[in-house]
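This report concerns only the one structure given below.
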Amino acid sequence: MKAISYTKAAPRALHRMPRTTADLIRTKIEACAESPTSQGNTVTALKGRTGIRLRVGDWRVIMDEQGNVLAILDIGPRGGICD
């Protein structure tokens, strides 16, 4: 299992969204840290920049794998988060 680290923006985004949505996103992040292939087609490499994207409903989690650490860079609604 990879260790999970958050930037300052990610916990703020989780705090602003509904609790049930935030809990679901945390669960998906933990599952991705255990086994990235378990998430199937919801994990995709980003185009135009480094990192990967995790899709959770209408929300997107921007992550970067750094050895044994899964860095959560940003969390936001679909549409503008990947730009």
Side-chain angles (χ1 to χ4, degrees):
M1 180 173 174
K2 295 183 180 208
I4 301 171
S5 69
Y6 292 89
T7 61
K8 289 183 179 182
R12 278 186 271 169
L14 286 171
H15 184 69
R16 286 188 299 231
M17 66 181 65
R19 185 172 183 85
T20 55
T21 305
D23 290 342
L24 177 64
I25 290 174
R26 282 189 196 100
T27 302
K28 295 289 185 173
I29 289 171
E30 290 170 3
C32 189
E34 284 185 30
S35 174
T37 57
S38 70
Q39 298 302 309
N41 62 353
T42 61
V43 177
T44 308
L46 293 172
K47 296 177 183 174
R49 70 186 239 196
T50 60
I52 54 177
R53 169 193 52 84
L54 172 67
R55 186 179 74 225
V56 183
D58 286 340
W59 295 88
R60 304 297 182 260
V61 180
I62 307 301
M63 306 180 292
D64 192 16
E65 292 181 294
Q66 303 167 347
N68 287 334
V69 177
L70 183 65
I72 310 303
L73 304 177
D74 203 2
I75 301 170
R78 69 180 182 92
I81 192 68
C82 292
D83 293 341

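Everything numeric in this text was worked out from a predicted model, so none of it was measured.
Considering only heavy atoms from C-beta on, Thr44 stays 4.5 Å or farther from Arg55 through its side chain. The shortest distance between side-chain heavy atoms of Ile29 and Tyr6 falls below 4.5 Å. Side chains of Leu46 and Ile62 form a contact here, defined as non-hydrogen atoms less than 4.5 Å apart. Counting only heavy atoms from C-beta outward, the side chains of Arg60 and Ile75 never approach each other to under 4.5 Å. By the 4.5 Å heavy-atom criterion applied to side chains, Asp58 and Pro77 are not counted as neighbours.
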Arg53 and Met63: side-chain contact (heavy atoms from CB on, under 4.5 Å), yes or no, with the steps?
-> CA-CA 6 Å; Arg53 169 193 52 84; Met63 306 180 292; over 6 Å; no
Could you walk me through whether Ile72 and Val61 pass the side-chain contact (heavy atoms from CB on, under 4.5 Å) test, one step at a time?
-> CA-CA 7 Å; Ile72 310 303; Val61 180; 3.8 Å; yes
Quick one: do Leu24 and Val56 satisfy side-chain contact (heavy atoms from CB on, under 4.5 Å)? Show the steps, please.
-> CA-CA 8 Å; Leu24 177 64; Val56 183; 3.8 Å; yes
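Atoms CG and NZ, on Asp74 and Lys8 in that order, are 14.5 Å from each other to the nearest 0.5 Å. Atom SG in Cys32 sits 8.0 Å away from atom NZ in Lys2 (nearest 0.5 Å). One finds the CZ atom of Arg49 at 9.5 Å from the CG atom of Asp64 (value rounded to the nearest 0.5 Å).
Of all the heavy atoms in Ile52 and Ala45, the pair that sits closest is CG2-CA, 4.2 Å.
Remark: the backbone N or O of Met17 is not paired with any side-chain donor or acceptor of Thr21 at under 3.5 angstrom.
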